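Note sheet for the following structure.
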Amino acid sequence: MQIAQWAALGGGRFFPSREAPPPSAPEAQPIDGRTTPASAPQGRRAFLVVVDDSPEMTAAARFAARRAARSGGRVALLSVVEPVDGGHWMFVGNLMAEEAREDAERRLQQVAATVHACSGERPELIVREGSLKEQLFKLIEEDDEISILVLGVAATGEGPGPLVQSLTGKNAGKLRIPVTIVPGDLSDAELEALT
């Protein structure tokens, strides 16, 4: 689908991918690390989901999409690309950084397709570079529409990941918004009942 056709259908601008996007994922176009669908009215509270490669993140994204749809909100997806140290090999470091960004964009496209399928709306996609915790706090402070952070937690008994531990531990009082923690093993029926 061409970008002009996508825009005519009410779609917004999204990140590029060197591969074809998943079937129901929006076509991509870069815009300073952040995209907001043109059809997304501003002034709606946003449910922020941190996108990573963990299985429990999918449950968090589905939960956020359903809550946003039922409450008139929207979903924002954040992916943070951690700095890559190529050492003395600048070319290798640059190649690793490019691959990490492409991987983050690909994951965002996949999760965007899931959010769209659950809510009928395209989420805002945000890619930042730096430390995950630092970029998360910075984004929450910059964007007043972000009102809930939704995180997934593994149901395997491994305990929460480092981000959940940090946000529910010593950094809990530093957030200006509530954190919703979604068990990663919830079925669609259980998510439906909770939202």
Side-chain angles (χ1 to χ4, degrees), residues 12-19 21-22 25-38 40 42 44-54 56-58 60-61 63-65 68 73-86 90 93-116 121-153 160-172 174-182:
R13 297 174 289 180
F14 292 87
F15 291 102
S17 175
R18 302 242 191 289
E19 306 168 13
E27 192 166 310
Q29 187 175 45
I31 178 171
D32 298 328
R34 188 170 182 149
T35 63
T36 303
Q42 297 304 305
R44 292 171 42 195
R45 77 177 177 164
F47 292 79
L48 178 62
V49 178
V50 176
V51 175
D52 60 20
D53 58 359
S54 67
E56 58 268 16
M57 182 277 310
T58 303
F63 177 88
R74 62 186 178 83
V75 176
L77 302 174
L78 170 66
S79 183
V80 177
V81 179
E82 300 276 342
V84 176
D85 181 19
M90 182 188 260
N94 290 341
L95 184 60
M96 290 170 63
E98 183 179 331
E99 287 176 357
R101 181 156 181 109
E102 288 174 0
D103 186 48
E105 291 171 357
R106 179 188 49 74
R107 275 195 313 259
L108 275 174
Q109 293 293 336
Q110 292 169 341
V111 178
T114 299
V115 169
H116 183 261
E121 293 198 30
R122 289 171 181 80
E124 176 180 8
L125 306 180
I126 307 160
V127 172
R128 297 245 178 143
E129 293 181 9
S131 156
L132 173 58
K133 189 168 61 172
E134 192 175 290
Q135 292 301 317
L136 175 63
F137 276 92
K138 189 174 178 183
L139 175 62
I140 290 169
E141 286 307 311
E142 292 171 358
D143 190 340
D144 291 337
E145 292 181 1
I146 295 174
S147 60
I148 297 175
L149 175 60
V150 182
L151 300 172
V153 66
L163 184 60
V164 173
Q165 284 180 339
S166 174
L167 295 175
T168 58
K170 64 182 177 182
N171 291 307
K174 295 180 181 177
L175 284 175
R176 66 166 182 77
I177 61 172
V179 178
T180 299
I181 299 174
V182 180

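For clarity, every value in this text was computed on a predicted model and none was experimentally measured.
Partners of Ser147 according to the side chain to side chain contact (heavy atoms under 4.5 Å, CB included) rule, which considers only residues two or more places apart in sequence or in another chain, are Arg45. Not counting sequence neighbours, the partners of Glu129 by the salt bridge (Lys or Arg N to Asp or Glu O under 4.0 Å) test are Arg101. For Lys133, the side chain to side chain donor-acceptor pair (under 3.5 Å) test picks out no residue, with sequence neighbours left out. Asp103 pairs by the side chain to side chain contact (heavy atoms under 4.5 Å, CB included) definition with Arg106, Arg107, not counting sequence neighbours. Under the side chain to side chain contact (heavy atoms under 4.5 Å, CB included) criterion, Ile177 pairs with Ile140, Ile146, Leu149, not counting sequence neighbours.
Closest non-hydrogen pair, Val75 versus Ala68, comes out as CG2-CB, 3.8 Å. Here the shortest heavy-atom pairing between Phe47 and Gly73 reads CE1-CA, 4.5 Å. When all heavy atoms of Ala100 and Val81 are compared, the closest pair comes out as CB-CG1, 3.7 Å. Here the shortest heavy-atom pairing between Val111 and Ala61 reads CG1-CB, 3.7 Å. Of all the heavy atoms in Gly130 and Val80, the pair that sits closest is O-CG1, 3.2 Å. Here the closest non-hydrogen pair linking Val49 and Ala60 is CG2-O, 4.1 Å.
A side-chain contact (heavy atoms from CB on, under 4.5 Å) with Val51 is found for exactly one of Val127, Ile126, Leu125, Leu77, namely Leu77. Each of Leu139, Val150, Ile148 was scored for a side-chain contact (heavy atoms from CB on, under 4.5 Å) with Leu48, with one residue passing: Leu139.
Of the charged side-chain nitrogens involved, at least one lies within less than 4.0 Å of a carboxylate oxygen, so that Glu124 and Arg74 count as a salt-bridged pair.
At least one side-chain heavy atom of Leu136 sits under 4.5 Å from a side-chain heavy atom of Leu78.
Judged purely by atom type and a 3.5 angstrom limit, Glu82 uses its side chain to pair as donor or acceptor with the backbone of Leu132.
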